[in-house]
Amino acid sequence: MHTLNHEGEYFSVRGPLNVDRPPQGRPVIVQAGASEAGRQVAAETAEVIFTYQTDLVSARQFYQDMQSRAQAAGRRDALKIIPAAFVVLGETPQEAQAKRALLDSLVDEQSSLATLSVALGHDISPYDKHGPLPAMPESNASKSGRERVVQLARRENLSILALARRICGYQGLEMVGTATQVADTLQHWLESGAADGFNVMFSHFPGGVEEFVTQVIPVLQRRGLLREQYTATTFRGHLGLKTPGREDAQPGG
């Protein structure tokens with residue numbers, strides 16, 4: 001309970017507001033988007049960024065860029081950067097790779113080619129679907145999303161059809177292997193200044209979740225990388241974000 005004493009262009013009110021403040025102070029502000037405009041909005045307003053990075057080098061560059069932008073915007077607290085990670089587990093690396101290949105093979109050919117055209121902003125039906133992706137003209141498609149698709153095709157030397165199936169399946173950061181291998185990759189990203197956590201995506205439900213919880217989580221806990229029990233009572237607290245006071249008008253202030 002406190003007196004508002006608000007005076008604005010359209011109305012003035014003394015208050016007080018007759019409701020309690022929420023336990024979190026305010027909802028956590030999350031942003032997703034890697035365009036220039038999206039990055040700047042995130043730097044000025046967000047507390048958590050869901051991002052889409054495919055390799056460690058670009059992830060570190062993104063992380064450093066966002067923290068620098070936040071500081072330049074006068075933010076006192078660092079942003080939490082959380083990239084998406086697609087996890088496929090197996091008892092052996094070969095088993096995990098076979099599961100990943102099976103997932104790609106299940107993607108419908110025609111719908112995946114149509115989706116690829118949308119992602120590129122250009123009709124790819126005239127091209128040989130078993131050949132490489134040719135140079136694409138500029139379009140009105142999402143620039144960051146379109147560039148990721150093109151880079152994926154170049155990096156892995158994918159045919160148009162293979163690329164289309166990857167687009168309809170998953171095209172970002174993937175961790176395919178044993179529980180120890182996945183934990184190693186997660187730890188490396190965390191300790192390399194590329195992430196503060198991960199938005200884990202699963203190959204199937206509920207089995208993929210159960211595998212991750214029973215196989216990967218214990219490894220991370222033994223390494224001291226993941227809590228064994230919650231120490232906070234709110235979503236904000238679980239993320240390690242401070243609870244803003246009444247005087248904090250801006251996110252992260």
Checking Arg75 against Glu44 for the salt bridge (charged side-chain N to carboxylate O under 4.0 Å, His left out) test, could you report, in this order, the C-alpha distance in whole Å, the side-chain angles of both residues, the deciding distance, and whether it holds?
CA-CA 7 Å; Arg75 306 287 295 280; Glu44 296 175 2; over 6 Å; no
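A heavy-atom distance below 4.5 Å is found between the side chains of Ile81 and Leu79. Val13 has its side chain out of reach of Asn5: every pair of non-hydrogen atoms, C-beta onward, lies at least 4.5 Å apart.
Nearest heavy atoms, Pro83 versus Ala195: CD-CB, 3.5 Å. Across all their heavy atoms, Ile124 and Leu120 have their closest contact at CG2-CD1, 3.7 Å. Considering all non-hydrogen atoms of both residues, Asp108 and Gln110 come closest at OD2-N, 3.3 Å. Heavy atoms only, all atoms of each residue included: Pro23 and Thr243 are closest at O-CG2, 3.8 Å. Residues Arg236 and Gln24 share a closest heavy-atom pair of N-OE1, 2.7 Å.
In summary, the side chains of Ser58 and Asp55 do present a donor paired with an acceptor at a separation below 3.5 Å, with no hydrogens or angles considered. Side chain to side chain, Glu191 and Gln187 meet the donor-acceptor criterion of an N or O pair below 3.5 Å.
Ring geometry, His6 versus Phe11: the interplanar angle falls from 30° to 60°, so the pair is classed tilted.
Panel note: side chain Glu109, backbone Leu161; no donor-acceptor pair is recorded below 3.5 Å. Although no hydrogens or angles enter the test, the distance criterion places a donor-acceptor pair under 3.5 Å between the side chain of Arg39 and the main chain of Ala34. A donor-acceptor pair under 3.5 Å links the side-chain atoms of Arg146 to the main chain of Met136, judged by distance alone.
Through direct or relayed side-chain contacts under 4.5 Å between Ile, Leu, Val, Met, Phe, Trp and Tyr, Leu241 connects to Val28, Val30, Val48, Phe50, Ile82, Phe235, Leu239.
The side-chain contact (heavy atoms from CB on, under 4.5 Å) test with Val182 is passed by exactly one of Val88, Val176, Leu89: Leu89.
Residue pairs meeting the ring-ring contact (aromatic ring centres under 6.0 Å, His included) criterion with at least one partner in residues 58-98, sequence neighbours excluded, are Phe86-Tyr170.
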